[in-house]
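A short worksheet on the structure shown next.
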There are 2 protein chains.
Amino acid sequence: MKDRIDEQLHSRNIKPTAMRELVLKVLTDQKTAISLPELELKFEKADKATLYRTLKTFEENKLIHSINDGTASVKYALCRESCECYPEDLHVHFLCTVCEHTYCLNDIPVPKINLPAKFRLENVNMVVKGVCSNCYT
Amino acid sequence: MKDRIDEQLHSRNIKPTAMRELVLKVLTDQKTAISLPELELKFEKADKATLYRTLKTFEENKLIHSINDGTASVKYALCRESCECYPEDLHVHFLCTVCEHTYCLNDIPVPKINLPAKFRLENVNMVVKGVCSNCYT
DNA sequence: ATGCTGATGCAACCAGGTTGCAAAGTTTAT
DNA sequence: ATAAACTTTGCAACCTGGTTGCATCAGCAT
């Protein structure tokens with residue numbers, strides 16, 4: 001288990017400190033994207049700033065991606081192995097308005113958009129809001 | 001001018017107070033979406049809470065729509081006359097990473113997405129980041 | 001004029017995000 | 001093995017946007 005974690009960190013050129021291993025472990029076990037405050041709650045006692053910087057490091061190195069789903073806080077989820085966070089790599093995110101969980105719909109790529117003349121595209125954030133299958137009645 | 005403003009307010013069932021007329025005027029003159037802090041700066045002396053509530057009122061009555069473009073703050077822009085903020089009414093937003101302005105790409109509808117089974121769609125937020133034509137080199 | 005309702009202004013609060021700085025831990029060169 | 005150099009961590013403090021409670025004020029109906 002730990003091996004696998006360290007391997008992941010290594011493959012993204014992130015030094016495997018104890019803290020980072022723990023955070024990555026939490027992120028791996030997570031089915032939905034998680035926010036910084038939520039991450040804090042996963043630990044008995046952990047420093048917000050450290051977690052914050054850990055997430056930033058992960059994001060810079062493309063181990064995770066951030067999602068701004070319109071709720072108060074930014075959420076984070078693991079990137080796929082092959083992800084380089086290019087526009088082609090992007091997928092749709094789904095925010096359930098009942099349970100507030102944010103899902104990565106990895107199989108649904110973000111549709112291509114034709115921008116007006118002289119607009120250059122760098123990135124796309126597409127969040128669908130609705131009710132997830134768990135909360136579906 | 002004022003007539004036109006009042007008419008707009010009236011058509012959305014919003015009582016035309018002085019404050020609201022001023023805010024709507026600012027929003028009308030705006031080419032890009034504006035945030036609460038930005039709106040505050042447009043006035044010599046105005047109360048944040050009042051502006052906040054004014055925006056909320058406008059939004060509830062579908063005179064404006066909010067855009068969460070991933071920057072720290074939520075931005076607001078006028079709805080089109082015919083807008084009821086249904087998913088069909090939605091358009092793509094563009095955030096310029098240079099000037100930080102957010103454009104309503106009114107002519108680009110949000111693409112339709114096929115969600116997984118038992119996921120119900122309510123709303124879609126699609127923000128494209130990049131460089132706008134003004135900042136394009 | 002009187003009373004009711006909703007709008008405004010002020011102050012205070014809250015949460016998430018972010019930074020500075022010193023202590024602890026790692027790595028590298030000698 | 002030791003010292004120097006660099007990185008990570010933990011703590012505290014801060015900033016900003018968003019939000020709320022409450023007293024006051026304005027507009028309208030009676």
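Each chain gets a letter, A, B and so on, in the order its sequence line appears, and its residues count up from 1.
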- Message: With heavy-atom distances below 4.5 Å as the criterion, would you say the side chains of A/Cys132 and A/Cys99 are in contact?
- Response: yes
- Item | Whole-Å distance separating the CD atom of A/Glu59 from the P atom of C/dG17 | 11 Å
- Note on the structure: Atom CD of A/Glu60 and atom P of D/dT8 are separated, to the nearest Å, by 11 Å
- Message: Please check this pair: side chain of B/His65 against backbone of B/Ala77, looking for a donor-acceptor N/O pair closer than 3.5 Å.
- Response: yes
- Message: Rounded to whole Å, please give me the gap between NZ in A/Lys56 and C1' in D/dT9.
- Response: 18 Å
- Message: Can you confirm whether the side chains of B/Lys129 and B/Thr97 place a donor and an acceptor under 3.5 Å from each other?
- Response: no
- Message: Tell me if the CD atom of B/Glu81 is crowded by more than 12 foreign heavy atoms within 6.0 Å.
- Response: no
- Between the side chains of A/Ser35 and A/Lys75, does any donor sit under 3.5 Å from an acceptor? no
- For the hydrophobic clusters of this structure (ILVMFWY residues joined by side-chain heavy atoms under 4.5 Å, transitively), does one cluster hold both B/Val131 and B/Phe94? no
- Task: Say whether, by atom type as modelled, one donor and one acceptor occur between the side chain of A/Glu59 and the main chain of A/Lys56 under 3.5 angstrom.
- Result: no
- Note on the structure: Whether each nucleotide of nucleotides 2-13 of chain C has a protein heavy atom under 4.0 Å at its base (B), only at its sugar-phosphate (S) or at neither (-) is summarised, 5' to 3', as ----SSSBBB--
- Five pairs at each end of the helix from C/dA1-D/dT30 to C/dT30-D/dA1: take the axis at both ends and give me the angle between them to 10°. 10°
- Does any N or O in the side chain of A/Asp89 come within less than 3.5 Å of the main-chain N or O of A/Tyr86, such that one atom is a donor and the other an acceptor? yes
- Using whole Å, report how far CD of A/Glu38 lies from P of C/dA15. 15 Å
- Nearest-Å distance for atom pair CD1/C1', residues A/Ile34 and C/dG17: 16 Å
- Tell me which residues in residues 66-75 of chain A put a heavy atom below 4.0 Å from DNA chain C, sorted by number, or none. A/Ser73, A/Val74
- Query: Taking B/Thr102 as the fixed residue, which of B/Ile34, B/Thr71, B/Asn68, B/Ile67 is the one that meets the side chain to side chain contact (heavy atoms under 4.5 Å, CB included) rule?
  - Reply: B/Ile67
- d(CG, B/Leu36; P, D/dT19) in whole Å: 9 Å
- Could you walk me through whether B/Thr57 and B/Arg20 pass the side-chain contact (heavy atoms from CB on, under 4.5 Å) test, one step at a time? CA-CA 10 Å; B/Thr57 302; B/Arg20 290 173 179 171; 4.1 Å; yes
- Message: Using whole Å, what does the distance between atom P of nucleotide D/dT20 and atom CG of B/Leu55 come to?
- Response: 15 Å
- Message: Apply side-chain contact (heavy atoms from CB on, under 4.5 Å) to residues A/His93 and A/Val128 and explain how you reach the verdict.
- Response: CA-CA 6 Å; A/His93 292 102; A/Val128 177; over 6 Å; no
- Message: In whole Å, I'd like the distance from the OH atom of B/Tyr52 to the C1' atom of C/dC14.
- Response: 12 Å
